[in-house]
Amino acid sequence: MQRWSKLFIPTLREAPTDAEVASHKLLLRAGYIRQLGAGIYSYLPLGQRAINKIVAIVREEMDKIGQEFLLPTLNPRELWEESGRYEVMGDNMFKLKDRKGAELVLAMTHEEVMTSIARNELRSYKQLPQIWYQIQTKFRDEPRPKSGLLRVRQFLMKDAYSFDIDTAGLDKSYDLHDAAYRAIFTRCGLEFVAVEADSGAMGGSGSQEFMVYTEAGEDLIASSVSGYAANLEKATSQLAPVEDLAPTGDGTPELIHTPGKGAIADICEFLSILPSQDIKCVAFMGTRSAHPAGEPLRPIVAFLRGDHQVNETKLNAIAGTAELRPMLPEELALYIGGPAGYLGPIGIEQVMTNGSLNGLKSGKPLDKLKGVSRENAGEGLKTIVVLDPGLAGRKNLVAGANKLDHHFRNVTPERDFSTTLTADIRNVNEGELDPIGGQPLRLGKAVEIGHIFKLGTKYTESMGARVLDTNGKEVTPIMGCYGIGIERILTSAIESSAAKFAAAGNADQYALPATIAPYQVVVTVTNIKEANLLVEGEKIAANLSDASIDVLLDDRDERAGVKFKDAELIGVPYRINIGKKLAEGQVEIVDRLSGTTTDISLDNITAHLQSLLTTSN
RNA sequence: CGGGGCGUAGCGCAGUCUGGUAGCGCACCUGCUUCGGGAGCAGGGGGUCGGAGGUUCGAAUCCUCUCGCCCCGACCA
């Protein structure tokens with residue numbers, strides 16, 4: 001049991017103006033944290049207690065599958081040069097020199113250190129598999145720290161690394177982490193989704209991000225109850241069938257006069273058609289990744305359903321480009337042949353072939369690619385034309401005619417125009433059905449709380465870790481890496497809770513799950529000047545404490561209102577009010593998660609609270 | 001790194017345009033009253049006005065430089 005009167009819990013009535021997101025404001029107001037610099041925070045006692053509870057849960061679950069290490073943050077520069085990441089990380093890594101002038105870095109993550117231990121110590125398949133983890137401070141010189149504890153330059157991470165003799169072993173280590181992570185986040189009271197992530201160019205065969213929906217998040221994800229979840233850059237959906245228009249005239253493209261109907265909404269109203277029966281044209285100039293100076297911009301034209309939006313990340317991936325900007329009017333005229341508002345697929349000359357596109361994506365120099373130069377123009381390139389699958393197989397669509405104030409009817413893809421390729425380049429929309437279970441998609445911002453990743457041999461290979469297999473042959477162990485952002489568990493719990501309170505009309509309120517709250521219950525003595533209230537409060541708190549419940553006794557000489565507000569501010573999920581009803585042998589138990597208040601007789605308090613704590617976990 | 005904003009008491013702010021020697025609310029200390037939803041009254045303590053330089057008889061205020069923080073974007077192993 002701890003007494004509030006003896007503790008340092010500096011709550012604030014108002015949040016500093018610098019705080020924008022809910023968790024940042026509330027963490028400051030509740031006296032959990034204080035800011036020391038951009039992306040640098042001190043944890044005050046309350047914050048440290050919550051962090052410790054989270055760490056304890058993480059440790060307990062991780063100890064079931066692995067072994068805990070503690071690795072140095074101070075790393076020699078050479079170690080990072082061995083893996084090639086000294087260059088790759090660039091300015092994101094803090095760098096310093098010691099008194100002799102030797103160069104050191106502050107570790108952003110620990111693949112290098114773990115791999116160096118592995119290569120020095122692991123010799124045989126008999127020593128595998130290994131799962132090694134640690135819970136430790138990471139340093140990253142973020143270009144823009146923000147949102148309180150959500151993006152910082154120094155933070156706690158649980159990072160784990162697995163070493164296996166083969167991919168079957170890696171699969172098993174990965175699955176163990178998947179299960180452990182689900183157990184950890186569930187115990188922390190988070191509603192999370194596991195998103196299939198891009199395993200990237202590392203040759204990895206699997207990667208999942210664990211996400212919590214919150215407006216403060218930096219990623220956009222789509223998920224459904226059937227278990228489908230994906231980043232918006234990857235998400236797809238089933239499209240409900242669209243009825244095509246009947247052909248007019250002889251069924252071939254028919255030019256119609258549509259003065260002043262450049263916008264999709266206008267043309268749809270004018271012709272009494274649906275946006276899904278119209279072809280939207282979006283035109284970009286793209287630059288390649290590793291863009292050589294002076295390389296010309298690449299024209300990219302996307303066609304998709306009138307009611308769909310382009311996802312530029314998807315389009316970049318398809319086109320082999322890194323950045324897009326809208327085409328200028330003269331570029332529209334050159335590459336498509338029409339004015340904005342009346343752009344369409346018919347009449348585009350110099351469409352790039354799919355084969356050249358592959359060369360482009362693989363990074364071949366332009367002069368090695370066939371058919372990419374536009375001969376007549378002398379400058380500029382063939383146009384990449386991408387058709388979204390939402391238009392594939394459709395017919396009799398309406399499209400711009402590349403002529404001011406004119407459209408075509410009866411436009412049928414592939415029959416009437418050719419494309420470089422057909423590829424998914426659109427954003428999914430809220431409520432569309434997911435591709436695996438056909439359930440409605442939920443779209444929203446989310447924060448990443450964990451990531452598991454089949455890493456492969458990137459580090460064991462480059463840093464020379466080798467073991468002997470059953471045949472006495474030297475092989476390279478296969479690694480997995482697995483991270484959890486400790487503070488993000490706390491912040492996302494607060495964000496989620498605050499959002500629920502806000503939705504119910506209560507601003508600036510939250511309650512933490514009992515498993516990670518700094519205390520499980522606050523015993524509020526409404527008036528310590530009434531001796532019997534204080535005595536009974538102390539007794540109740542002692543009993544709860546004896547029952548292994550983490551209890552904070554509010555024995556301060558403050559008015560009841562102040563104590564209620566403070567107890568709510570610090571996010572403790574349960575409160576016991578010792579007040580007037582004591583005369584009738586009763587106290588109130590306030591359950592902030594459910595918003596209910598119950599009168600309980602003195603001899604039932606501990607049992608009642610225990611049942612609340614059990615069911616809420 | 002590009003764009004925008006802000007630095008005045010622990011927190012929230014006014015004062016800056018138009019120079020005259022710093023103020024309000026909350027918090028804090030003392031006393032009295034009050035005592036179940038951030039109390040009332042009275043008295044009190046606390047500020048190199050982010051920093052440096054300059055203009056001026058005089059600078060929180062005007063000028064120059066600089067540091068820091070926040071937001072949007074870029075970036076994010």
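Quick note on labels: first sequence line is chain A, next is B, and so on, each numbered from 1. All values reported here derive from a predicted model rather than from experimental measurement.
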Heavy atoms only, 4.0 Å cut-off, all strands: where does [X] land among base, sugar-phosphate and nothing?
X: E588(A); answer: base
X: R575(A); answer: base
X: K563(A); answer: nothing
X: E14(A); answer: base
X: D91(A); answer: nothing
X: S147(A); answer: sugar-phosphate
X: P16(A); answer: sugar-phosphate
X: A15(A); answer: sugar-phosphate
X: V88(A); answer: nothing

Quick check on [N]: is either OP1 or OP2 less than 4.0 Å from any side-chain nitrogen or oxygen of [X]?
X: Q35(A); N: C70(B); result: yes
X: R144(A); N: C76(B); result: no
X: R559(A); N: A39(B); result: yes
X: T17(A); N: C13(B); result: yes

Write down the partner of [N] under the Watson-Crick or G-U wobble criteria, each distance required to be under 3.5 Å.
N: U21(B); answer: none
N: A59(B); answer: none
N: G2(B); answer: C72(B)
N: C32(B); answer: G40(B)
N: A52(B); answer: U64(B)
N: G45(B); answer: none

Query raised in the report: Between T526(A) and H24(A), which has a closest nucleotide on RNA chain B that is more 5'?
Result: T526(A)

Query raised in the report: Does R29(A) or L36(A) map to a spot on RNA chain B nearer the 5' end, using the closest nucleotide for each?
Result: R29(A)

Using atom [atom1] in both nucleotides, what's the gap between [N] and [M] to the nearest angstrom?
N: C13(B); M: C63(B); atom1: P; result: 24 Å
N: G15(B); M: A9(B); atom1: C1'; result: 15 Å
N: C29(B); M: C17(B); atom1: P; result: 38 Å
N: C6(B); M: U61(B); atom1: P; result: 16 Å
N: G47(B); M: G12(B); atom1: C1'; result: 16 Å
N: A39(B); M: G25(B); atom1: C1'; result: 15 Å
N: G46(B); M: U30(B); atom1: P; result: 16 Å
N: G50(B); M: G68(B); atom1: P; result: 16 Å

**Report entry** Partner of R556(A) under side chain to side chain contact (heavy atoms under 4.5 Å, CB included), chosen from I528(A), L7(A), D566(A), I9(A)
**Finding:** D566(A)

Report task. Using the side chain to side chain contact (heavy atoms under 4.5 Å, CB included) rule, pick out the option among T491(A), V212(A), V447(A) that qualifies with S496(A). Result -> V212(A)

What is the distance, to the nearest angstrom, from the [atom1] atom on [X] to the [atom2] atom on [N]?
X: R325(A); N: G2(B); atom1: CZ; atom2: P; value: 22 Å
X: K25(A); N: C71(B); atom1: NZ; atom2: P; value: 12 Å
X: M108(A); N: C75(B); atom1: CE; atom2: P; value: 16 Å
X: E218(A); N: A74(B); atom1: CD; atom2: P; value: 11 Å
X: L569(A); N: G37(B); atom1: CG; atom2: C1'; value: 13 Å

Can you find a heavy atom in the side chain of [X] that is under 4.5 Å from one in the side chain of [Y]?
X: H451(A); Y: Q208(A); answer: no
X: E487(A); Y: V152(A); answer: no
X: R298(A); Y: M285(A); answer: no
X: Y213(A); Y: K445(A); answer: no

Query raised in the report: In terms of the angle between their ring planes, are F69(A) and W132(A) parallel, tilted or perpendicular, with boundaries placed at 30° and 60°?
Result: tilted

**Report entry** Qualifying residue, where the test is side-chain hydrogen bond (donor to acceptor under 3.5 Å, both in side chains) with Y41(A) and the options are R34(A), H24(A), R153(A)
**Finding:** H24(A)

